[in-house]
Structure formats: structure tokens, C-alpha cells
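So the structure is just underneath, and the comments pick up after that.
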Number of protein chains: 2
Amino acid sequence: MAGIDDVARLAGVSTATVSRALSGRGHVSPASKAKVEEAAARLGYVVSSSASSLASGRTRNVGVVVPFLNRWFFSSVLEGVQQALLRTGYDLTLYNLAGDGDERATVFEQFLLRRRVDAVIAISLELTEAEVNRLHELGKPLVGVGGPIPGVRTLIIDDVAVARLATEHLLGLGHRRIAHIGGDLEFDLDFHLPTNRRLGYEAALRDAGIEPDPARFAPADFTIRGGYHAAKQLLGAPHDRPTAIFAASDEMAIGSILAARDLGMVVPRDVSIIGVDDHDLSDFFGLTTVAQFPRVQGEQAVELLMDELEPGHADAEPSATPLPFELRVRSSTARPAE
Amino acid sequence: MAGIDDVARLAGVSTATVSRALSGRGHVSPASKAKVEEAAARLGYVVSSSASSLASGRTRNVGVVVPFLNRWFFSSVLEGVQQALLRTGYDLTLYNLAGDGDERATVFEQFLLRRRVDAVIAISLELTEAEVNRLHELGKPLVGVGGPIPGVRTLIIDDVAVARLATEHLLGLGHRRIAHIGGDLEFDLDFHLPTNRRLGYEAALRDAGIEPDPARFAPADFTIRGGYHAAKQLLGAPHDRPTAIFAASDEMAIGSILAARDLGMVVPRDVSIIGVDDHDLSDFFGLTTVAQFPRVQGEQAVELLMDELEPGHADAEPSATPLPFELRVRSSTARPAE
DNA sequence: ATGAAAGCGCTAACAC
DNA sequence: GTGTTAGCGCTTTCAT
């Protein structure tokens, strides 16, 4: 295993020059730079990350904390993060907080603090002030995606606006009896997102002169199955059955489509359905949705981080960068039947 | 930021004792161990992983290489790996080989070799001999899950037997015209798994005295949409329409169920459908399937690794540990109609 | 632009 | 069982 001295010897320069040439920090003449690079290639030299980290205090590694791995949204964000990081030459250490609270404490107290990472990206996670502070004390930049984290740079989607857009699409088509499938309480605890979507939905309704009816709301757990059961409930109403459903996620919307079919209804003739996400499956189901772009969100989080990590260090103020979203009309929504 | 000396001073012992007490390597009297632990806790001391790695040569970090992140199977294995690793006190550095070949080369030449990881877990990836050798030279243990990697400890599922079991379930119910949806060529290149499943399907058929009919095979890409289109093809046959479909994955099987419905068929009355995986959604769709247990597979991979990483180091020989699978009969299969 | 050398914060012989 | 100490392989002043 070739070391930096081997490279230095072969290139006929000092180890300091090798270090500078390879890391890009400090000035090196083009000539020696070339020599060093050739020598390194010849020897198959790669820096030892531990030695480099120990000496420099930088690890070129970022910790990514996610609440779930096997949900479309999270794995997509993760994919974006991973790719952006790889391009930047950073490694990604993954922490899945799926388990109990114990696990969470371990991750924070033992893992993140081992000085193994330069920074942390938290995906759809609401960190406690204590957790944020701990990271701050250590001088580790933190950026959040999705979850609102006080005092931290965050990428957030305007869930109220998203919900409003979806609801207005339905209103625009002429629907008046619009039901909503949102998150259940448990979900809301961590993400607040369902509440915001419900708020947007209600606001749009009121603006159209419609008073939201609690009977037209059903909670679910963001899965297809959950959406299915919620939709059956909603669509089974004997009087004034809703002519449209706005589900707070595409998976729940897909569940709703299946529920409608099982009830013998035809979408969108008998009921219009709209979701949020633009999930992999949405196109297949012809689902109209408000698309968000999780991969891009992951990439943006990395960019934000690099601003803080790399030289210029604008001492990034806490801020909330809004994320784009977009209505994608497919075949699950239409004017209500007369 | 407290260092090991601070702890040593506070505990009234040497740094060596602190190191021993905290790492569990070497003997320390219970008394000093207690003192050290208390001091460490008081100071909020956590070892610097880079210093520790540099001095010891161990990183307590394993690299995990996956081809996809947003597919149920992979994210489930990953979840198992992550959890097992966390319990063992190891970190997990994630490499997603989603992109082009370039990315793959970078990961191998730059990242894995930076001596950042003690070992590598490859999920459903067929590594080249060169890649395996590179890792071997560096003395990094490697275990594979799913993909057959020559000369490496691997956890593999007996795909031939899985397919045979699924097909025999159908045969046992009395089906004779059984179609198969398998992987397309592109998929096969990397995983070989579709071929094996097709082999098992054909073997079961032959054992029952039925000659496999190429017209009853349709390739797809392991997605719901792919399964949907393949099933439509199969079920649209004007003569001798199959009475059952064995799909090589649950997602394709679910696509088949949807296709059957769209053709006005009732499952299982008009056609029986069986898959492989026991995907999250399978229970919801009442899909009969041959379950495999990806989370457990991930955990097992970690166990295998620890055998090599921890003291006893039995110099683990290449071997292929078989993975369990199990028939789960639900409501998508039944006797064929007369 | 380059080199010499002093660490970075631990671990592991080795000596007691 | 515990302390002393020499590195681990780099990066980064500080000179030049």
C-alpha cells in the first residue's frame, strides 16, 4: 500500500508538495503537479482518509439521517443526496432512525459526535433543540430537507400552497364536495406536513365560499392500504357523497383509486382523485398530482451544505429555501357529472 | 472538545487505560473501568474516529454498495444491514451504483480504497473479478447478498427452488396452462436471477409432464407497470389462454392482477396469480407469493461480516449460505375453473 | 513555489 | 493491571 512518501520520492518532491498537489490547497507549479499526479497514478496511491482527517480536521464525509428507507420519498431524496455527494468527492454515512428512541439517542450521542462527519443532512426529521445545539456546538453544519427545524437552513415545500393548488384544480373543474385524506395524528407529530396540507385544502375551500366539513376528512398513514380504507369510508357516505378526493400523498391517492374501483365507481367519471408527490406509480395509474422533486431536493441540500463547508463560508444564516412543485394533470380528474 | 488526556486526568489513570477501558480491548480492573467511564460521561468524551482508525487500522465502518435505492427489495436489505451495524457499533457508508459505469469506477478506485471502510457488503451486485481482487488485496472482507460473486461469501436464495415452489403450488391446484413473467435481458445481465427463476418454472412444468411453451413466457422489468403490460399480452391470447401466471416478482404480479381486472377477469376465478417477495403491498392485494426476507438477509450479511472482522477471524472461506423462503397462500390463487 | 518538521488524538507494544 | 512511549500517515505552519 503506497504512502505519501512513496509518491513524494517517485515524483522527486516533498510530501508537502504531494499533499498540496493532490488536495488542491495551496499553490503548486504545474510541472510538479503533473509529476505528482503521474506518480500517484503509477503507484495507485489514494490518501488515507483517517490520516487526512486527523491532520486536517476535515473528513469529507457527511451524515444523512432519515426516518425511513423504504418509502419512495425518502429513498428518492437519499438518491439525490448520494449522487451529489459522490460528485463532490464526499462520502455519505447513513443513519436510519427507524427504530425506537434509544436508537435515536445513540446516533446522536455516539455516532454523529465521533467526529466522523463534517456535516449532517436531516431528511423530513424534526430535530429537537437539544439535538440541533449539540451539532452547533461541534461546529457541524446542518441542513434539513422537509422537516421544519428551527434555526437551521432548511429546504421546505410550501405545503399549504401545494394543498391549495390541488384543491383549486378540483374547484376549477367544478367540484364542490371535495373530501380530503390527510395524515393521522402519529404522523403529524413528526412532520407537521399533514396539518399544513389540510390547512391549504381548507383555505382553498373557504376562498371558494365552501365551509370545510369534518365529515369529509379522513386520516390515514400515507400508504396505499391506508388510502384505500379511508377512501372507502369517504365514498361510502349515503348522502352527498364527495365528487372528488384530495389525498395528501400519491400512495393514498392510488389507494383511493383502487377503493373507488372496488366500489364499482369509475374514475374520474364518478369521482375525481388527486394526490401529491408524483410517485413512480402515479403515471401508471393516470393519477393527477402535484409533483415535487425529491431527487432534486437531495441535490440542493448538498449544494447548500457545500456553501458552508467550502472556503467562502458565508456563515449561512438559517433560512428556509422554498422548493418547487407543479400540477400534473392526468386522467384521474375531470368535471363532476351533473 | 474533551480529549483522551482530559479523561485520563480526571479519572486519575493513563491514556492507555482509558483507551483500554473504553474499547474493551485488554484487561482493566473494574475499579478503573468505572472511574474512566464516569469521567468520560462527565466530559462528554467520544473518541475521535480518525485518530482511532489511524492508530489501530480499524475504522468501524462498512461500505454498502447497492444498485438501486428506491426499490423495495434493496431498501429493505439496506434497512436490515443498517440496523445490525448500528447495534454492533459500526457505521455504514452508502454507495449507490445507480449511475453510469464511470460512477462505478470512481467508487471502487477512489472511495472504497481510501481506507475508509473495514469491509464491504454488496447487495445484488455482480462484481467483476478485478473488483473482487482489488478488495482482496486490501484485505477487506466482502460479503455479497443476492448476487452470485465468485470466490466470495454470499447469501443467496435458491431461485430455482423458489420458482419451482411457486409453480408447483399452481400445478397442485390443478393448473396446466401456466404462464411466466420473468426478467428481460437487461436485467438478467446483472443478476442472473430471472434465468434461474425461469429454469425452476420450466423444471416444475416438465416434472408434471408439461412441455414449457415459449408463448407462455413474457419478459418485463420487475415493475408493476411492466408486469401489467406483460400480463395483458399473456391474457389476451385468443386460444388456450393461461389459467395461471407465475410472476418473478410481486410487483409484476400486482401489475398482472391489475391487468386481469382491466380485462374484466376476476382473480382468482378466471386466472390465478402468484409472485415472489412478499412485498409490502402484497398482503393488500391478497397476492399469494413465495416470501423472502430481505431485512433478515441484511442482518445476516452483517453477522457473516463480523465473523471475519472480529478476533476469531476463521478466515472465512468463500461459501454460499442459502436463504430461507416460504410459500404464503392468499387469495390470488385457486383451482382453475372447469 | 517548495521543504522541514511539528503535530493531529489516539492505540499497541513493551516494560513494569 | 497499568503506565510510557513510539508511531499511525497525513496536513500545515514557518522558513526559505
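Proteins get letters first, then strands, A, B, ... in listed order; numbering begins at 1 in each.
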Worksheet item: More than 12 heavy atoms of other residues, nucleotides or ligands under 6.0 Å from CZ of A:Arg42: is that the case?
Response: no

Worksheet item: Going 5' to 3' on DNA chain D, which nucleotide is the first and which the last to come under 4.0 Å of a heavy atom in chain A?
Response: D:dG9 to D:dT13

Worksheet item: Looking at DNA chain D, which of residues 15-23 of chain A put a heavy atom within less than 4.0 Å of it?
Response: A:Ala16, A:Ser19, A:Arg20

Worksheet item: What integer distance in Å separates B:Met1:CE from C:dC10:C1'?
Response: 14 Å

Item to complete: Measure from the side chain of A:Leu54, starting at C-beta and using heavy atoms only, and say which of C:dG9, C:dT11, C:dA1 lies closest.
Response: C:dG9

Response to the item:
B:Tyr45 OH to C:dG9 C1', in whole Å, measures 7 Å

Response to the item:
Closest non-hydrogen contact found for A:Val302 with A:Val81 is CG2-O, 3.7 Å

Worksheet item: Are OP1 or OP2 of C:dA12 and a side-chain N or O of B:Arg58 less than 4.0 angstrom apart?
Response: yes

Practice prompt. Search all heavy atoms of B:Ser124 against all heavy atoms of B:Pro67 and return the closest pair with its distance.
Written response: O-CG, 4.0 Å

Practice prompt. Return the value, rounded to whole Å, for the distance between atom CD1 of B:Ile4 and atom P of C:dC8.
Written response: 14 Å

Worksheet item: Can you name the nearest heavy-atom pair linking A:Gly3 to A:Asp6, along with the distance?
Response: N-OD2, 2.6 Å

Worksheet item: Can you tell me how far P of C:dC10 sits from CZ of B:Arg25, to the nearest Å?
Response: 16 Å

Discussion item. Exactly one of B:Asn70, B:Asn96, B:Leu69 should register a side-chain contact (heavy atoms from CB on, under 4.5 Å) with A:Leu78. Which one does?
Written reply: B:Leu69

Worksheet item: Looking for any heavy atom pair under 4.0 Å, which part of the strands does B:Ser32 touch: base, sugar-phosphate only, or nothing?
Response: sugar-phosphate

Discussion item. Please check if the number of heavy atoms outside A:Lys33 that lie under 6.0 Å from its NZ is greater than 12.
Written reply: no

Discussion item. Need one value for B:Ser50: base, sugar-phosphate or nothing, where a base atom within 4.0 Å counts as base even if backbone is also close, heavy atoms only.
Written reply: nothing

Worksheet item: Toward the 5' end of DNA chain D, which comes first, B:Ala55 or A:Ser52, by nearest nucleotide?
Response: B:Ala55

Discussion item. Let me confirm one number: the CG-OG1 distance from A:Leu54 to A:Thr59, rounded to the nearest 0.5 Å.
Written reply: 12.0 Å

Worksheet item: Rounded to the nearest Å, what distance is computed from the NZ atom of residue A:Lys33 to the P atom of nucleotide C:dA1?
Response: 13 Å

Worksheet item: Applying the side-chain hydrogen bond (donor to acceptor under 3.5 Å, both in side chains) test to B:Asn61, which of B:Thr93, B:Asp118, B:Asp91 qualifies?
Response: B:Thr93

Worksheet item: Would you call the rings of A:Phe68 and A:Phe74 parallel, tilted or perpendicular, where under 30° means parallel and over 60° means perpendicular?
Response: tilted

